[in-house]
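What follows is a single structure, written as C-alpha cells, with notes after it.
Each chain gets a letter, A, B and so on, in the order its sequence line appears, and its residues count up from 1. Computed from a predicted model, the values in this text were never measured in an experiment.
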2 protein chains.
Amino acid sequence: MTDAGTATDVGAGTGRAASPRERYRAQVCAEIKQHARQQIATAGASALSLNAIAKRMGLSGPALYRYFAGRDALLTELIADAYRSLADTFRAAAATAEPGAGGVVALADALRAWALADPQRYFLIYGTPVPGYHAPEEITAIAAEIMEVLLDTFDGVPDGPPPGATGADPDADPDADPNAALDADPDTDLHTHLAAHRQWAGDHPAPPRTLRRALTYWTRLHGVLSLEVAGHFEGMGFDPERLYTAEVKSLLPA
Amino acid sequence: MTDAGTATDVGAGTGRAASPRERYRAQVCAEIKQHARQQIATAGASALSLNAIAKRMGLSGPALYRYFAGRDALLTELIADAYRSLADTFRAAAATAEPGAGGVVALADALRAWALADPQRYFLIYGTPVPGYHAPEEITAIAAEIMEVLLDTFDGVPDGPPPGATGADPDADPDADPNAALDADPDTDLHTHLAAHRQWAGDHPAPPRTLRRALTYWTRLHGVLSLEVAGHFEGMGFDPERLYTAEVKSLLPA
DNA sequence: CTGTCTTGTTAGAACTTCTAGCGAAGACGA
DNA sequence: TCGTCTTCGCTAGAAGTTCTAACAAGACAG
C-alpha cells in the first residue's frame with residue numbers, strides 16, 4: 001500500500017537498487033510534475049488542474065491520486081522542488097566563483113537568472129502565500145541552506161561599504177558626508193540585534209556586520225527582482241537589470 | 001440593462017443624485033466586496049468563491065452575477081480598490097508630514113502599516129501575478145500616481161547619501177572608503193539611464209539623482225516588506241521592523 | 001502456479017463558475 | 001391610477017473541478 005505517500009523518494013535514499021516498478025513510478029511522478037510546471041508557467045498556480053494533467057497524459061482523472069495525495073500535495077512538492085532548485089544553483093554559483101567579492105556577485109547573477117528563467121517558479125517561493133500556511137521543516141531547512149551559502153560567501157568578502165553607506169554610486173554629493181550618518185543609533189542597534197538573534201542565520205559565526213550586510217543584500221536583491229518579475233516595471237522604459245546591478249554593487253567594495 | 005457593468009460608478013461621477021435603486025445597488029456591491037475581502041484575508045485569493053459569498057449574504061448563487069460579471073471581475077475590482085487604498089494612504093501621509101526628510105519616512109511608515117494591516121491586500125498588488133495578465137490603463141494610472149507622490153516627496157528632501165553610499169550605518173569600516181566606489185561607471189550609467197527614460201516617472205521633472213534615489217527607495221522598501229509579509233522572516237528571531245527602518249534610513253540624510 | 005501488491009478504471013458525491021429563462025417587485029410616464 | 005419597463009432574485013442546468021469508493025487487471029515474489 002503506497003497510498004500516494006512521498007512520491008519522490010524512489011530511486012535514491014534507500015540503499016538497494018530501484019526495482020522496475022519503482023523506476024516506473026518515479027518516471028510517472030516526474031512526468032506529472034513536468035506537466036504541472038508547464039501548466040503553472042502558462043496560467044499560474046491557481047490554474048493547476050490534476051484532471052487536465054491526467055487527460056494530457058492519456059490517463060483518467062483519479063489515476064493521479066495514486067501518485068499524489070491531492071492537488072495541494074502536488075503543489076507542495078513543486079514548491080519544495082523550487083527551493084531545491086534555487087539551493088542547487090546557489091551552491092553551484094558559489095562553488096565556481098573565484099573567492100572574494102566575485103562570489104556574492106555570482107550569487108546575485110545566479111539568483112536573477114534563476115528567477116527570470118521561470119518567473120512562476122520564483123513566485124512559488126516568494127509569491128503570495130496562503131494565509132494559514134506554515135512551511136514544513138523540510139522546506140525551512142532548504143531555506144536555511146540558501147541563507148548559509150549566502151553568509152558563507154559573504155564571509156569571505158573584504159568589507160565593502162557598510163549597508164548604510166553602501167557602495168558604488170557616482171553621485172556623491174560633495175555637501176553630504178556619507179559618513180556623517182554612519183553613527184546613527186538605530187543601525188548600531190540593528191547590528192547587535194541581528195547578532196544577538198543569530199538563530200536566523202543558523203548560528204552562523206560571521207561577524208555582526210557580515211550578518212547584516214548579507215541580510216540587507218538579500219532584501220535589496222529581492223526588492224528589485226520581485227517587482228521586476230511581477231511586471232511592475234513593465235512599460236516604464238528603463239532597464240531593471242541596471243537597477244539590479246546597482247543594488248548588487250551597493251554593498252560591495254569597489 | 002445594467003449587465004453587471006462597472007459596479008462602482010453608482011453614487012459619484014454622474015452629477016445627479018443617486019436614486020434609491022442605485023443606492024441599493026451600491027450598497028449590495030459594497031457588501032459583496034466586504035465579504036470577498038474577508039474571504040481573501042482568511043483563505044487567500046484562490047479561495048474566493050462567489051457562491052459562498054452569496055450564501056453568506058442569504059442570496060442564491062447566480063444573484064451575484066447581477067453585480068459582477070464573474071469571479072475575475074470581482075477580483076479585478078478588489079485589486080483596483082487595493083491600488084486606490086494605497087494611493088490614498090500615500091497621499092494622506094505625504095500631506096500630513098512636515099516638509100523635508102520626514103516626508104519620505106512618513107511614506108515608508110505608511111506603506112508598512114498599510115501592508116501589515118492586510119497582507120493579502122498587499123499581495124493583491126505585489127503578489128503573484130497571473131502570467132498573461134496586463135493591468136488595465138485605470139490601474140497603471142493609479143500606480144503612476146503612487147510613484148508621483150513618492151517622487152514629489154523625495155524632490156523636497158535635501159540630498160542624503162546617494163543610493164550607492166546610502167546613509168545611516170555605524171559600521172563604517174575605517175579601512176573601506178565608501179567614496180572610493182562612488183565613481184564606478186555602472187552607476188553613472190544608471191543615473192543617466194533613468195533620467196533618459198523619464199517616462200517611468202511620468203516625466204517627473206526631478207533631477208536624475210532624485211529619480212534614482214526614489215526608485216531605489218521603493219525597491220528597498222519592498223525588498224524587506226515583501227519578504228516579511230510573505231512570512232520569510234518567520235521563526236528567524238529578529239525584528240523585521242528594524243531591518244525596514246534601517247533601509248529607510250539608508251537613503252536619507254542623517 | 002498462487003497470492004499479494006500496485007495500478008488504472010468507472011461511478012458518483014460535493015463542490016465550483018456561469019448561462020438561460022422565469023416571475024416578482026420597484027420606478028416612471030401618461 | 002394604470003400600464004410599461006427595468007431591475008432583481010430565483011430555479012434549472014451545463015460543464016468543470018477535486019476527491020472517494022469499489023472494482024478489474026496487470027506485475028511481482030514466494
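The side-chain contact (heavy atoms from CB on, under 4.5 Å) check on A/Ala30 picks up nothing, with sequence neighbours excluded. A/Ala214 pairs by the side-chain contact (heavy atoms from CB on, under 4.5 Å) definition with A/Leu150, A/Leu151, A/Phe154, not counting sequence neighbours. By the ring-ring contact (aromatic ring centres under 6.0 Å, His included) test, A/His193 pairs with A/His197, sequence neighbours left out. Looking at residues two or more places apart in sequence or on another chain, you find a ring-ring contact (aromatic ring centres under 6.0 Å, His included) between B/Phe233 and B/Phe238. For B/Trp114, the side chain to side chain donor-acceptor pair (under 3.5 Å) partners at least two apart in sequence or on another chain are B/Ser85.
The distance between atom CE of B/Met57 and atom C1' of D/dC10, rounded to the nearest whole Å, is 15 Å. Between the P atom of D/dT6 and the CD atom of B/Glu22 lies a distance of 15 Å, rounded to the nearest Å. Between the CD atom of A/Gln27 and the C1' atom of C/dT7 there is a distance of 15 Å, rounded to whole Å. Regarding B/Arg56, its CZ atom lies at a distance of 11 Å from the P atom of C/dT16, rounded to whole Å. When rounded to the nearest whole Å, the span between OH of A/Tyr67 and C1' of C/dT9 equals 13 Å. For A/Tyr24 and D/dG26, the OH to C1' distance is 11 Å, given to the nearest whole Å. As rounded to whole Å, 13 Å separates atom P of C/dT17 from atom CD1 of B/Ile32. We find that CG of B/Leu64 is positioned 15 Å from C1' of C/dT19, with the value rounded to whole Å.
Here B/Arg121 does not pair with B/Asp81 in a salt bridge; the nearest charged N to carboxylate O distance is not below 4.0 Å. Ion pairing between a basic and an acidic side chain is recognised when a charged N comes within 4.0 Å of a carboxylate O; A/Asp239 and A/Arg242 show no such pairing.
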For nucleotides 14-20 of chain D, 5' to 3', base contacts (B), sugar-phosphate-only contacts (S) and non-contacts (-) with protein non-hydrogen atoms under 4.0 Å give ---SBBB
Return a single string for nucleotides 22-30 of chain C, one symbol per nucleotide in 5' to 3' order, where B is base contact, S is sugar-phosphate-only contact and - is none, cutoff 4.0 angstrom on heavy atoms. ---BBS---
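Sorted by first and then second residue, the ring pair (Phe, Tyr, Trp, His ring centres under 6.0 Å) pairs with a member in residues 125-152 of chain A read A/Tyr122-A/Tyr126, A/Tyr126-A/His222, A/Tyr126-B/His232; sequence neighbours excluded. Screening residues 78-97 of chain B for ring pair (Phe, Tyr, Trp, His ring centres under 6.0 Å) gives B/Phe90-B/Trp218 as the qualifying pairs, with residues at least two apart or on separate chains.
Residue A/Ala63 is in base contact, counting any heavy-atom pair closer than 4.0 Å across all strands shown.
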